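Before any comments, here is the structure.
Quick caveat: nothing in here was measured; it's all calculated off a predicted structure.
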Amino acid sequence: MDDGLPGLGDLEREVMQLVWAHGPVTAEAVREQLSRRLKESTVRTVLRRLEEKGYVRHTVDGRTYVYQAAEPRARVAAKAVKRIVDWFCNGSVEEVLVGMVDNAMLDQKQLRELADQVAKAKASKGRGARK
């Protein structure tokens, strides 16, 4: 899956949320959990399109396709945020974070937690580079 994943429609997004939440799933399992009643063939079509777009992959169990996310939700979300940062803020994450603070989307506690996570990530990358 590349950084340029295509966008998702409402139904595709709902299906992806189910795939992420419930791990490897069949089209029938997805159909049963959707908020609206759809034919299994429609769900299979949506899953096939998600696979074409790079969001899911499948294995075959007997004659049944079993789908799973190609990447974790957090990684896909991070790529989507990166596209937004690049598009609206010329790649400036700082500008986005300041905007989030200014609009009360992040408070001081969340910023401290974020700073701690960034520091831990940098420290673990530093250790990995020295190995």
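- In summary, Glu28 and Arg31 engage in a salt bridge, as defined by a charged side-chain N under 4.0 Å from a carboxylate O.
- Residues Pro24 and Gln68 share a closest heavy-atom pair of CG-OE1, 3.9 Å.
- The closest donor-acceptor contact from the side chain of Gln110 to the backbone of Asp107 lies under 3.5 Å.
- Salt-bridge annotation for Asp86 and Lys82: present, with a side-chain N of the basic residue lying under 4.0 Å from a carboxylate O of the acidic one.
- Closest heavy-atom contact between Arg49 and Glu12: CB-OE2, 4.0 Å.
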* To do: Just do the side chain to side chain contact (heavy atoms under 4.5 Å, CB included) check on Glu14 and Asp10 with the steps written out, would you?
  => CA-CA 6 Å; Glu14 184 178 356; Asp10 291 340; over 6 Å; no

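- The two residues Ala27 and Arg44 come nearest to each other via the heavy atoms CB-CG, 3.4 Å.
- In this structure, Gly54 and Ala70 approach most closely via the heavy-atom pair O-CB, 3.4 Å.
- Side-chain contact check for Thr26 versus Tyr65: every heavy-atom pair is 4.5 Å or farther apart.
- Put simply, Tyr55 and Val66 are part of two different groups of oily side chains (I, L, V, M, F, W, Y) that touch within less than 4.5 Å, one to the next.
- Taking every heavy atom of both residues into account, Trp20 and Pro72 meet most closely at NE1-C, 3.6 Å.
- Leu47 places a side-chain heavy atom less than 4.5 Å from the side chain of Val19.
- Scored by the side chain to side chain contact (heavy atoms under 4.5 Å, CB included) test, Met105 finds Met100, Asn103 as partners (sequence neighbours excluded).
- In this structure, Tyr67 and His58 have tilted ring planes: the angle between them lies in the 30° to 60° band.
- By the 4.5 Å heavy-atom criterion applied to side chains, Val46 and Leu38 are not counted as neighbours.
- No side-chain heavy atom of Val85 sits less than 4.5 Å from a side-chain heavy atom of Glu95.
- Considering only heavy atoms from C-beta on, Leu114 comes within 4.5 Å of Leu97 through its side chain.
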* Asked: Given Val56 and Val15, is the side chain to side chain contact (heavy atoms under 4.5 Å, CB included) satisfied, shown in steps?
  -> CA-CA 10 Å; Val56 300; Val15 169; over 6 Å; no

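- Here the side chain of Gln33 pairs no donor or acceptor atom with the backbone of Leu18 at under 3.5 angstrom.
- Contact detail for Ala121 and Ser124: the closest heavy-atom pair is O-OG, 3.0 Å.
- Between Val81 and Val93, the closest side-chain pair of non-hydrogen atoms is not below 4.5 Å.
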